[in-house]
Amino acid sequence: MRPEPRLDWNATLYSQRHSFVWKHGEDLIDLLAPQPGERILDAGCGAGQLTAKLAASGARLTGLDNSPAMLEAARAACPSADFILSDLTQFDTAEPFDAVFSNAALHWVRPPEQAACRIAAALKPGGRFVAELGGTGNVATLLDAANALLGERGHAPRQPWYFPSVGEYSTLLEQAGLEVTYAILFDRLTPLEGGEEGLADWFEVFGRTLLHDEPEWRASVLPQLKERVRPKLFDPSNRQWVADYRRLRIAARKPL
Ligand code: BEZ
């Protein structure tokens, strides 16, 4: 049997035009307050920029990601870390961590209950979990417009990502055995690099599970989508697209 083809990331375009993903997550490190010598798991480490920032605190990092392309970039960004190619839902460790950190990754991981259980299992008693992910209503303008166009082409509505509310995600972490100590949902309007091309680049990198199976999606769906969202999401004075991001930040602890 032939293996399923993998939908891997465009790591180059991700790093070139979407550095806001890790830059916006940088102050999440303060919420974790990593200590020298601690062992920290960076769950969904992507291209490793925040893995490297975490390692600069003197902590010992393990980066986990299910994308070979991202892990190749991450190894270059943080040579001192260990890296594991795995889906978080399959991850198991014999040596639990002092902390699990995750930025802009958990909205990709299904089922989220299984991810939460693996995070809880990966922590020592007293271990900390700090994460940021898309929250409820994240990119709603883009998602609604894409679904309206897909609907006109006979497709059922799609929601490829998990964007929970504070209540939903707190409950899920509690059910996994963690105690939630902090949670906040907030809007983060996010300017996209690349001028007029910025939205196409965003869909190129992040929209692969939403649009890419539409034949010629760049030439067929995208021009219509752009015109529908332009009044809300294009900033004419700076000539740039602004994505309607909403973030959920959360911290939790495994009881002693
Ligand atoms: C996000 O980081 O919020 C995001 C990532 C992929 C698709 C949509 C949103």
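Just follow the structure's listing: the first ligand is 1, and inside any ligand the first atom is 1. When reading the values below, keep in mind they use all heavy atoms of this one structure, side chains included, and skip hydrogens, waters and symmetry mates.
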| request: Within a distance under 4.0 Å of any heavy atom of Tyr245, pick out the atoms of ligand 1 and give their elements. | output: 1 (C), 2 (O), 3 (O)
| said: Just to verify, what does Gln175 make a side chain to side chain contact (heavy atoms under 4.5 Å, CB included) with, not counting sequence neighbours? | reply: Thr171
| query | Using a distance-only test with no angle check, is there a side-chain donor-acceptor pair under 3.5 angstrom linking Asp65 and Ser67? | reply | no
| message | With a cutoff of 4.0 Å, is Arg247 in contact with ligand 1, counting heavy atoms of the residue only? | response | yes
| message | Looking at Lys226 and Glu196, is any side-chain nitrogen of the basic one under 4.0 Å from a carboxylate oxygen of the acidic one? | response | yes
| task | Can you figure out which of Trp202, Trp108, Phe206, Phe203 has its heavy atom closest to atom 8 (C) of ligand 1? | result | Trp202
| query | Taking NZ, NE, NH1 and NH2 as the nitrogens, is one of them in Asp213 or Arg158 under 4.0 Å from a carboxylate oxygen of the other? | reply | yes
| Looking only at heavy atoms, is any part of Leu133 under 4.0 Å from ligand 1, and if so is it the side chain, the backbone, or both, or is it neither? | neither
